[in-house]
A.B. asks: 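First, the structure itself, so that you have it in front of you.
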Amino acid sequence: MTYFEDFNQGMPNIENEYAKFWIDRNILFFVYKPNTIIDLKAAKIIVADRLKFQNERSFPVFCDIRGIKDVDKTARDYLAREGSTLTRAVSILVAPPVSHVILEFYLKVSKPNIPSKIFTDRQKALRFLETFISP
């Protein structure tokens, strides 16, 4: 089984150098590839590809960041601002315990303008997003 088969059950998807994403049950799944390093250039590519894939439609977003190895500050700031475009809510799946603490602090400081929550459990992350699905 590949890294993505646990999530993507044959749904149409798009993939770039950094992540793979698809839409299932009106949720946009966004899974970063293992050992991903994100700088500002990468952040811009990631957001542009996601927006193109969404085709002007807004979704709740399930974002699995466990594959991220490092993100520089300019990339984090860009993703905090531009990364929420066309999103209704974001659940972020992390690997405990360190990444959870760091991300929790970052969310408090950056104050995203959409509902955003951190999870270590995939099912809880999806249940959070279900309340933001449009018919």
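From a predicted model like this one, the values you see are computed outputs, not experimental measurements. Index from 1, following the sequence.
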A.B. asks: Compare every heavy atom of Arg122 with every heavy atom of Leu93, then report the nearest pair and how far apart it is.
C.D. replies: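 Leu93 and Arg122 have their closest heavy atoms at CD1-N, 3.8 Å.
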
A.B. asks: What do the steps show when you test Ser134 against Arg88 for side-chain hydrogen bond (donor to acceptor under 3.5 Å, both in side chains), and what is the final call?
C.D. replies: CA-CA 10 Å; Ser134 291; Arg88 293 191 196 127; 3.2 Å; yes

A.B. asks: Measuring from atom CZ of Phe59 to atom CG of Asp24, what distance do you get when rounded to the nearest 0.5 angstrom?
C.D. replies: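 Reported value, rounded in 0.5 Å steps: 11.0 Å.
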
A.B. asks: What's the separation between atom NZ in Lys52 and atom CD1 in Ile14, rounded to the nearest 0.5 Å?
C.D. replies: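 The CD1 atom of Ile14 is 6.5 Å from NZ of Lys52, to the nearest 0.5 Å.
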
A.B. asks: Output the distance between atom CD1 (Ile114) and atom OG1 (Thr87), rounded to the nearest 0.5 Å.
C.D. replies: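 It comes to 3.0 Å.
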
A.B. asks: For Ile45, which residues count as a side chain to side chain contact (heavy atoms under 4.5 Å, CB included) partner, sequence neighbours excluded?
C.D. replies: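 Side chain to side chain contact (heavy atoms under 4.5 Å, CB included) list for Ile45, sorted by chain: Asn16, Tyr18, Lys41, Asp49.
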
A.B. asks: What are the two closest non-hydrogen atoms of Phe30 and Ile46, and how far apart are they?
C.D. replies: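 Closest pair (atom of Phe30, atom of Ile46, distance): CZ-CG2, 3.2 Å.
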
A.B. asks: Please answer whether the main-chain N or O of Val47 pairs with a side-chain N or O of Arg50 as donor and acceptor at a distance below 3.5 Å.
C.D. replies: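 No, because the side chain of Arg50 does not come within donor-acceptor range (under 3.5 Å) of the backbone of Val47.
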
A.B. asks: If you measure from CG on Leu126 to OG on Ser91, what distance do you get to the nearest 0.5 Å?
C.D. replies: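 Result: 6.0 Å between the selected atoms.
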
A.B. asks: For the backbone of Gly83 and the side chain of Thr85, can you confirm whether one donor and one acceptor N or O come within less than 3.5 Å of each other?
C.D. replies: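 Answer holds: no.
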
A.B. asks: Please say yes or no: joined through hydrophobic side-chain contacts below 4.5 Å, possibly via intermediate residues, are Tyr78 and Leu51 part of one cluster?
C.D. replies: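 Yes, Tyr78 connects to Leu51 through the hydrophobic network.
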
A.B. asks: Evaluate the ring planes of Phe29 and Trp22, with Trp represented by its six-membered ring, and classify them as parallel (under 30°), tilted (30 to 60°) or perpendicular (over 60°).
C.D. replies: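 The arrangement is parallel - the two ring planes meet at less than 30°.
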
A.B. asks: Taking the side chain as every heavy atom from C-beta outward, state whether Ser84 and Asn113 have any pair of such atoms under 4.5 Å apart.
C.D. replies: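 Yes - at least one pair of side-chain heavy atoms lies under 4.5 Å apart.
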
A.B. asks: For residues Ile68 and Ile38, determine if any side-chain heavy atom of one lies less than 4.5 Å from a side-chain heavy atom of the other.
C.D. replies: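 Answer yes - side chains close enough.
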
A.B. asks: For this output row, return yes or no: ring centroids of Phe21 and Phe53 closer than 6.0 angstrom.
C.D. replies: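 Yes: the rings meet the under 6.0 Å criterion.
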
A.B. asks: Mind checking side chain to side chain contact (heavy atoms under 4.5 Å, CB included) for Asp121 and listing every partner two or more places apart, or none if nothing turns up?
C.D. replies: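 Here the qualifying residues are Gln123, Lys124.
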
A.B. asks: Quick check: do Ile27 and Ile133 have side-chain heavy atoms less than 4.5 Å from each other?
C.D. replies: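 With C-beta onward as the side chain, the pair touches.
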
A.B. asks: When you check the gap from the basic side-chain N to the acidic O, do Lys73 and Asp77 get nearer than 4.0 Å?
C.D. replies: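 Asp77 and Lys73: salt-bridged.
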
A.B. asks: What I'd like to find out is whether the side chain of Asp64 reaches to under 4.5 Å of the side chain of Tyr32, using heavy atoms alone.
C.D. replies: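 No, side chains not in contact.
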
A.B. asks: State whether Lys33 and Glu15 are salt-bridged, where the test is any N-O pair (Lys NZ or Arg NE/NH1/NH2 against Asp/Glu carboxylate O) under 4.0 Å.
C.D. replies: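 Yes, charged N to carboxylate O under 4.0 Å.
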
A.B. asks: Please confirm whether Phe119 and Phe128 have ring centers closer than 6.0 angstrom.
C.D. replies: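 They qualify: ring centres under 6.0 Å apart.
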
A.B. asks: How far does CD1 of Ile92 sit from OG1 of Thr120, to the nearest 0.5 angstrom?
C.D. replies: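 Nearest 0.5 Å value for the CD1-OG1 distance: 13.0 Å.
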
A.B. asks: What's the separation between atom CG in Asn35 and atom NZ in Lys69, rounded to the nearest 0.5 Å?
C.D. replies: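 Between Asn35 CG and Lys69 NZ, I get 5.5 Å after rounding to 0.5 Å.
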
